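These notes are about the structure you will find just below.
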Amino acid sequence: MMYRYNRYPTACLGELGADFAQCVAHNAQAKYEIVGPVVLAAMSSAVHGVLDIRTPMHSIMPTSLNVCVVAGSGMRKSTVTGRAFHGFKDFEDRYARIAPELDPSEERVTYSDLGSHPYILEDASEPGIVDHFANGAKAAAIVMDEGGMLQARLDNQRMCKRFDGADLRVIRHRRTVLLRNTRTTFCMTVQDEVMDNLLKGKQGQMMVGSGAMPRMLISYATKAPAIFNLGSVESSNPFAHPFHDRVRELMTDYKDVLQGYADRQQATLSLQAQECWRHAVSVWKSLHLGDERWKGMDAFVHRAGEQAMRVAAVLQCFNDPMPTVQGLAMEAAVTLVDWHLEQALIGLGEPSEDQLQLELGAELYRYILKRVRSEDKTVFERSELLRCGPKKLRNRVMLDRAIDQILLEDKMAAFPPGTRKQLVLNVTPNPRPKTSTFANFGRWNPGYDNLY
């Protein structure tokens with residue numbers, strides 16, 4: 001529990017999901033912290049239309065997931081999303097072939113009559129989503145490449161209800177539309193600055209407080225270290241990967257649900273999976289007792305158990321379909337939820353006092369090294385740092401904490417000794433340090449996969 005992976009635990013996606021994630025990462029030259037969550041969202045989008053999960057509390061829960069990837073511009077977010085959701089194209093194309101033949105003057109035809117409909121919604125608004133489900137859709141995936149649209153287009157309350165699979169009553173065109181038994185997976189990629197602005201705004205504060213953000217599996221990919229993509233899958237074609245064949249099989253099953261010929265299946269947890277799940281929940285609920293950073297993150301912790309059941313059911317159904325979720329799938333799901341919880345803590349949690357001082361010291365030292373390399377400067381006045389340093393450190397208290405930290409780490413010396421008036425660099429650093437990063441991929445080994 002809380003393994004603190006340096007990398008996204010790709011092997012936990014299962015044999016088919018992990019192999020596809022590696023293929024996409026190599027082909028798109030993208031980080032696994034982007035590829036992994038998006039591939040998991042695509043798996044959920046294929047599964048949630050045909051499978052629910054019966055929980056140990058005897059309730060029925062969707063297998064839909066909400067995923068949010070925060071990554072900078074140029075990190076191949078759109079490329080990865082296009083490859084991950086390619087397999088849904090055949091199902092959508094059938095609707096595209098039929099729809100132009102419909103006569104608008106004829107009686108309204110629902111999606112269930114056609115046996116197909118647009119499944120991936122990329123430019124979604126609340127009225128459009130309501131109309132989409134009102135026309136008969138039972139499942140859909142909202143895929144936003146530009147997460148900034150979330151603030152203007154979607155409603156927090158309805159997002160939460162869609163995630164829970166709850167009934168939704170909406171007044172549209174002077175009539176009440178009742179949406180029942182629908183499933184929605186949400187996949188959003190967003191740039192760091194847009195995400196920061198979103199969370200600082202009124203809508204962002206409501207997203208955290210209302211539970212919309214705690215319902216998301218978050219990945220902060222920008223700061224994740226880059227790796228060298230090595231291996232034979234480098235030249236493989238992600239559009240021809242068997243991953244998409246499995247998506248097509250599940251979409252064929254969904255067609256029967258859409259037309260009323262079949263009901264969604266209900267997966268249950270095996271005894272081994274239940275034991276693993278209960279242990280994970282007990283550990284997650286006690287996180288705040290040993291780490292003050294988890295204070296205020298209660299909603300994320302309380303959602304973790306539910307997320308683990310959903311993820312486990314998706315992994316089991318997509319990779320090795322059977323009516324019972326096995327222990328290995330639950331172990332993999334717990335590992336994935338662990339990783340996403342840490343990501344949420346990185347982006348939304350409050351750092352401890354010790355952690356805050358470490359971060360302040362690191363930020364000041366990065367700034368100093370930048371000045372050293374550009375100006376060959378080795379002596380820094382405190383007054384100058386207070387005026388021209390990083391914005392966060394243009395505060396006497398914050399700057400003093402940062403100075404104390406780099407003095408404690410013996411990276412700089414104080415002059416005169418015992419003061420903070422002037423800082424002198426102890427050793428001029430190598431401006432181009434050599435680094436090496438390795439990847440070790442496992443095959444569904446939740447305890448030790450992808451350790452770097």
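Start at 1 with the first residue, then count along the sequence. Everything numeric here is computed off the predicted structure, so don't read it as measured data.
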Quiz item: Hey, mind stepping through W284 and V337 against side-chain contact (heavy atoms from CB on, under 4.5 Å) and telling me if it holds?
Solution: CA-CA 10 Å; W284 285 326; V337 173; 3.8 Å; yes

Counting only heavy atoms not in [X], do more than 12 fall under 6.0 Å of its [atom1]?
{"X": "I171", "atom1": "CD1", "result": "no"}
{"X": "E92", "atom1": "CD", "result": "yes"}
{"X": "E275", "atom1": "CD", "result": "no"}
{"X": "D263", "atom1": "CG", "result": "no"}

Check whether any side-chain heavy atom of [X] sits under 4.5 Å from a side-chain heavy atom of [Y], and report yes or no.
{"X": "M159", "Y": "I142", "result": "no"}
{"X": "S236", "Y": "Q22", "result": "no"}
{"X": "L393", "Y": "L360", "result": "yes"}
{"X": "W339", "Y": "R7", "result": "no"}
{"X": "Q266", "Y": "I53", "result": "no"}
{"X": "M251", "Y": "K89", "result": "no"}
{"X": "F318", "Y": "F243", "result": "yes"}
{"X": "V143", "Y": "L121", "result": "no"}

How would you list, by chain and number, every residue that makes a side chain to side chain donor-acceptor pair (under 3.5 Å) with [X], sequence neighbours excluded?
{"X": "H86", "answer": "none"}
{"X": "E306", "answer": "R303, R310"}
{"X": "D245", "answer": "R248"}
{"X": "K138", "answer": "none"}

Are [X] and [Y], when compared by the centres of their aromatic rings, separated by less than 6.0 Å?
{"X": "Y95", "Y": "Y119", "result": "no"}
{"X": "H244", "Y": "F20", "result": "yes"}
{"X": "F85", "Y": "F88", "result": "yes"}
{"X": "H132", "Y": "Y111", "result": "yes"}

Might you point out which heavy atoms bring [X] and [Y] nearest each other, and give the distance in Å?
{"X": "T10", "Y": "A21", "answer": "CG2-CB, 3.7 Å"}
{"X": "N135", "Y": "V109", "answer": "OD1-O, 3.7 Å"}
{"X": "F133", "Y": "A139", "answer": "CE2-N, 4.0 Å"}
{"X": "A333", "Y": "L315", "answer": "N-CD1, 4.0 Å"}
{"X": "V39", "Y": "G17", "answer": "CG1-O, 4.0 Å"}
{"X": "L364", "Y": "A402", "answer": "CD2-CB, 3.8 Å"}

Using only atom types and a distance under 3.5 Å, with no angle test, would you say the side chain of [X] pairs donor to acceptor with the backbone of [Y]?
{"X": "R94", "Y": "L114", "result": "yes"}
{"X": "H340", "Y": "I218", "result": "yes"}
{"X": "D19", "Y": "E15", "result": "no"}
{"X": "R158", "Y": "V130", "result": "no"}
{"X": "Q307", "Y": "R215", "result": "yes"}
{"X": "R394", "Y": "G389", "result": "yes"}
{"X": "D113", "Y": "T110", "result": "yes"}
{"X": "K31", "Y": "A224", "result": "yes"}
{"X": "D145", "Y": "S78", "result": "no"}
{"X": "Q316", "Y": "D320", "result": "yes"}

Spacing of [atom1] belonging to [X] relative to [atom2] belonging to [Y], to within rounding of 0.5 Å:
{"X": "S73", "Y": "Q191", "atom1": "OG", "atom2": "CD", "result": "4.5 Å"}
{"X": "T189", "Y": "M75", "atom1": "OG1", "atom2": "CE", "result": "11.0 Å"}
{"X": "T182", "Y": "K161", "atom1": "OG1", "atom2": "NZ", "result": "11.0 Å"}
{"X": "H241", "Y": "F239", "atom1": "NE2", "atom2": "CZ", "result": "13.0 Å"}
{"X": "Y261", "Y": "K255", "atom1": "OH", "atom2": "NZ", "result": "8.0 Å"}
{"X": "L13", "Y": "Y32", "atom1": "CG", "atom2": "OH", "result": "11.0 Å"}

Practice problem: Identify, with sequence neighbours excluded, every residue that meets side chain to side chain contact (heavy atoms under 4.5 Å, CB included) alongside Q272. | Solution: S270, E331

Quiz item: Yes or no on side-chain contact (heavy atoms from CB on, under 4.5 Å) for W277 and V334, after CA distance, side-chain angles and deciding distance?
Solution: CA-CA 8 Å; W277 177 78; V334 168; 5.8 Å; no

Exercise. Any chance you could lay out the side-chain hydrogen bond (donor to acceptor under 3.5 Å, both in side chains) test for N181 and R264, step after step, and finish with the verdict?
Key: CA-CA 10 Å; N181 203 27; R264 292 192 189 93; 2.8 Å; yes

Table please: side-chain donor-acceptor pairs of residues 57-72 below 3.5 Å, with sequence neighbours left out.
from: S59; atom 1: OG; to: T55; atom 2: OG1; distance (Å): 2.8
from: T63; atom 1: OG1; to: L51; atom 2: O; distance (Å): 2.8
from: S64; atom 1: OG; to: H48; atom 2: ND1; distance (Å): 3.2

Quiz item: Hey, mind stepping through T324 and L269 against side-chain contact (heavy atoms from CB on, under 4.5 Å) and telling me if it holds?
Solution: CA-CA 6 Å; T324 305; L269 303 183; over 6 Å; no

Quiz item: Going by an N to O cut-off under 4.0 Å, is there a salt bridge joining E359 and K392?
Solution: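 No, no charged N to carboxylate O under 4.0 Å.
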
Quiz item: Salt bridge check: are D52 and R183 linked by an N-O gap of less than 4.0 Å?
Solution: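 Yes.
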
Quiz item: Between F91 and L258, does a side-chain contact (heavy atoms from CB on, under 4.5 Å) hold up when you go through it step by step?
Solution: CA-CA 12 Å; F91 180 81; L258 176 65; 4.3 Å; yes

